[in-house]
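Throughout, protein chains are lettered first and strands after them, A, B, ... in sequence-line order, and every chain is numbered starting at 1. Since the model is a prediction, treat every value here as computed from it, not as a measurement.
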Protein chains: 2
Amino acid sequence: MKSPSQPRDRGIPEATVARLPLYLRALHGMAERGIATVSSEDLAVAAGVNSAKLRKDLSHLGSYGTRGVGYDVEYLVYQISRELGLTQDWAVAIVGVGNLGRALANYGGFVSRGFRVAALVDADPEVVGDTIAGLNVEHIDELEAVIKRRGVSIVVLATPAEAAQEVCERVISVGVTSILNFAPVVLSVPDGVDVRKVDLSIELQILAFHEQRKAGGPLMAVDSQ
Amino acid sequence: MKSPSQPRDRGIPEATVARLPLYLRALHGMAERGIATVSSEDLAVAAGVNSAKLRKDLSHLGSYGTRGVGYDVEYLVYQISRELGLTQDWAVAIVGVGNLGRALANYGGFVSRGFRVAALVDADPEVVGDTIAGLNVEHIDELEAVIKRRGVSIVVLATPAEAAQEVCERVISVGVTSILNFAPVVLSVPDGVDVRKVDLSIELQILAFHEQRKAGGPLMAVDSQ
DNA sequence: ATCCCTTTGTGAACCGGTGCACAAAGTCAC
DNA sequence: GTGACTTTGTGCACCGGTTCACAAAGGGAT
């Protein structure tokens, strides 16, 4: 008989939240391979983190391991999924159906468990009305209506930089509080709205910085004054 | 007469490096609008950060401001560009020309200052030989040869998850040490190789977590045991 | 030249997160 | 049931990063 040990601690550190999806992915892989139980050490290796960190992370959701044995894979998958809110279905709208928006709409692995692309919206009359990934592209004028009608709660911004702030404000005006922004701008939003940013250009620049350090190393004085 | 105050501190904090591209973007915008000088306060607002943090960040590259006045926009653009290694030209290869790879290849704003898509590589004979964004798609068998021939130093992985680790090892074997990974896997690489990861699915899951907290709030006990 | 005003650059306290190392807790063999 | 072994959960010291708050530095007016 096991006492389920409820998730007492309601304040999960941000750094932990960011790693839970990693653990979840590793666990799904293990479940598929028929692994029933896993130690913190093995799971940590699979997720590419330190095992002490993993144990501390999991301890924030409750005491779901068994000392001397490890964690039950299925059970842990369920607990993490529940914690992340993946046991419910999230309707996602993608605004901006250019190359990137199209890629996102079609990217099967990305919109997988728990997420569903519920709407595609664009301003270009050329693409409005097209069917992409089985969805009709709707006009930006309909933005607010579409979001309400489809119960969208997460919006993905794949618009040009100039349009992002305005779209952002419009979706917030109809109650959206979670935004994933691919446009290369700093969005300004009221408190209570979460924005996460994916910026390809920034990632490249960070790589370039380190690459330069490696290449130039201690020598290299090409044109530095 | 100004003494240029060389970039003495050769150890720039990682957190600072990650913000420099943000400052750079804001500065470019200001330069275009003809702004010659900017205070840490204004630049901080434009970049969406705290002004003390911005000043500390900039102080790591040297003393480029003037007390009572602010920073010279052009000069700062140059200094940050140089620090990030954007004064040289980086050849980037994109491996995997599916929806995402195609979007990246075409994404003009993304591969802008300092970066140049030098090669597209894919395994699918159907797309090999196609021209995308003005580039010929080459066969994965040619991977190592192409990277050496074009002087590629940064590789973008947009392959399916299964292929990522192998491609990763192959590009490392010909000297690549900077990888931007879009595939949803944890890559294992030797020391000295930098991997940055962009994972759409993880970002969504983090948003879902917070969204659930907001929605459910203090009540909400739908199916939690 | 002097004074006042603005803005930088940074010392110091603080905060969240990491990793070590170990006691507590549980399993398994006999 | 007992003892040896495994693995979790966590106390604690440490570290990088953030923020406040202010002295130092420069500009401009008179």
Side-chain angles (χ1 to χ4, degrees), chain A residues 1-20 22-23 27 30 35-73 75-76 79-80 83 206 210, chain B residues 1-20 22-23 27 30 35-73 75-76 79-80 83 206 210:
Chain A
M1 178 63 194
K2 120 191 311 177
S3 69
S5 163
Q6 78 293 0
R8 54 306 185 55
D9 194 351
R10 276 283 125 185
I12 297 185
E14 201 48 40
T16 296
V17 173
R19 282 186 296 265
L20 289 179
L22 231 50
Y23 305 153
L27 286 164
M30 289 171 175
I35 298 172
T37 273
V38 67
S39 70
S40 64
E41 182 58 35
D42 290 352
L43 183 51
V45 169
V49 304
N50 175 300
S51 73
K53 194 190 294 187
L54 180 134
R55 287 197 299 278
K56 192 157 284 187
D57 283 343
L58 295 185
S59 78
H60 285 116
L61 338 177
S63 238
Y64 296 141
T66 306
R67 294 174 193 231
V69 177
Y71 299 89
D72 181 277
V73 173
Y75 188 58
L76 200 49
Q79 291 299 342
I80 295 180
E83 197 64 49
I206 296 172
H210 292 296
Chain B
M1 177 64 196
K2 120 192 309 176
S3 69
S5 164
Q6 78 293 358
R8 50 329 195 26
D9 194 351
R10 277 281 124 187
I12 298 185
E14 199 49 40
T16 296
V17 173
R19 281 186 297 265
L20 290 180
L22 230 50
Y23 305 152
L27 287 165
M30 290 171 173
I35 298 171
T37 272
V38 67
S39 71
S40 64
E41 182 58 34
D42 290 353
L43 183 51
V45 168
V49 305
N50 175 299
S51 73
K53 194 190 293 187
L54 180 135
R55 287 198 298 278
K56 191 154 283 186
D57 283 343
L58 294 185
S59 79
H60 285 116
L61 339 178
S63 238
Y64 296 140
T66 306
R67 296 177 192 228
V69 176
Y71 300 88
D72 182 276
V73 173
Y75 188 57
L76 201 49
Q79 290 300 342
I80 296 181
E83 197 63 50
I206 296 172
H210 293 296

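- For B:S40, the side-chain hydrogen bond (donor to acceptor under 3.5 Å, both in side chains) partners at least two apart in sequence or on another chain are B:R55.
- Put simply, the side chain of A:L58 reaches to within 4.5 Å of the side chain of A:Y71, judged on heavy atoms.
- Residue order along DNA chain C, read from the 5' end via each residue's closest nucleotide, puts B:Y71 first among A:R19 and B:Y71.
- Between A:D72 and A:Y64 there is no side-chain heavy-atom pair separated by less than 4.5 Å.
- Atom pair A:L76:CG and D:dT7:C1' shows a separation of 15 Å (rounding to whole Å applied).
- B:T16 meets the side-chain contact (heavy atoms from CB on, under 4.5 Å) test with B:I12, B:P13, B:R19, B:L20, B:D57, B:H60; sequence neighbours excluded.
- Looking at every heavy atom in both residues, A:S51 comes nearest to A:A44 through CA-CB, 3.5 Å.
- Distance from the side chain of A:A15 is smallest for C:dG17 among the nucleotides C:dG9, C:dG17, D:dG17.
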Next item on the list: Could you check A:T37 against A:V73 for side chain to side chain contact (heavy atoms under 4.5 Å, CB included), going step by step and ending with a plain yes or no?
Entry: CA-CA 5 Å; A:T37 273; A:V73 173; 5.6 Å; no
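- A:D57 places its CG atom 13 Å from the P atom of D:dT10, with the value rounded to the nearest Å.
- Note that OH of B:Y75 is 12.0 Å distant from CD1 of B:I80, once rounded to the nearest 0.5 Å.
- Straight-line distance from the CG atom of B:L54 to the C1' atom of D:dT19: 14 Å, rounded to whole Å.
- Using a 4.0 Å cutoff on non-hydrogen atoms, no part of residues 35-45 of chain A comes near DNA chain C.
- Scanning for side-chain contact (heavy atoms from CB on, under 4.5 Å) contacts around A:V45 gives A:E41, with sequence neighbours left out.
- In this structure, A:T66 contributes its side chain and A:V69 its backbone to no donor-acceptor pair below 3.5 Å.
- In this structure, OH of A:Y64 is placed 19 Å from C1' of D:dT7, rounded to the nearest angstrom.
- One can place NZ of B:K53 at 14 Å from P of C:dG16, the figure rounded to the nearest angstrom.
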Below 3.5 Å is the cut-off: list the nitrogen or oxygen pairs between protein and nucleotides 11-14 of chain C, distance only.
{"from": "C:dG11", "atom 1": "O6", "to": "B:K56", "atom 2": "NZ", "distance (Å)": "3.1"}
{"from": "C:dA12", "atom 1": "N6", "to": "B:K56", "atom 2": "NZ", "distance (Å)": "3.0"}

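- Note: CG (B:L20) to P (D:dG17) measures 13 Å, nearest angstrom.
- Between A:L43 and A:Y23, the shortest heavy-atom distance links the atoms CD1-O, 4.2 Å.
- Distance CG (A:N50) to P (D:dG9): 15 Å, rounded to an integer number of Å.
- Residues A:D42 and A:M30 approach most closely at O-CE, 4.3 Å, considering heavy atoms.
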Check: What is the per-nucleotide protein-contact pattern of nucleotides 21-30 of chain C, from the 5' end, where B denotes a base atom under 4.0 Å from a protein heavy atom, S denotes such proximity for sugar-phosphate atoms only, and - denotes neither?
Finding: B--BBSS---
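- Between D:dG17, C:dG17, D:dT10, one nucleotide has an atom nearer to the side chain of A:E14 than all others, and that is C:dG17.
- When rounded to the nearest whole Å, the span between CD1 of B:I12 and C1' of D:dG16 equals 15 Å.
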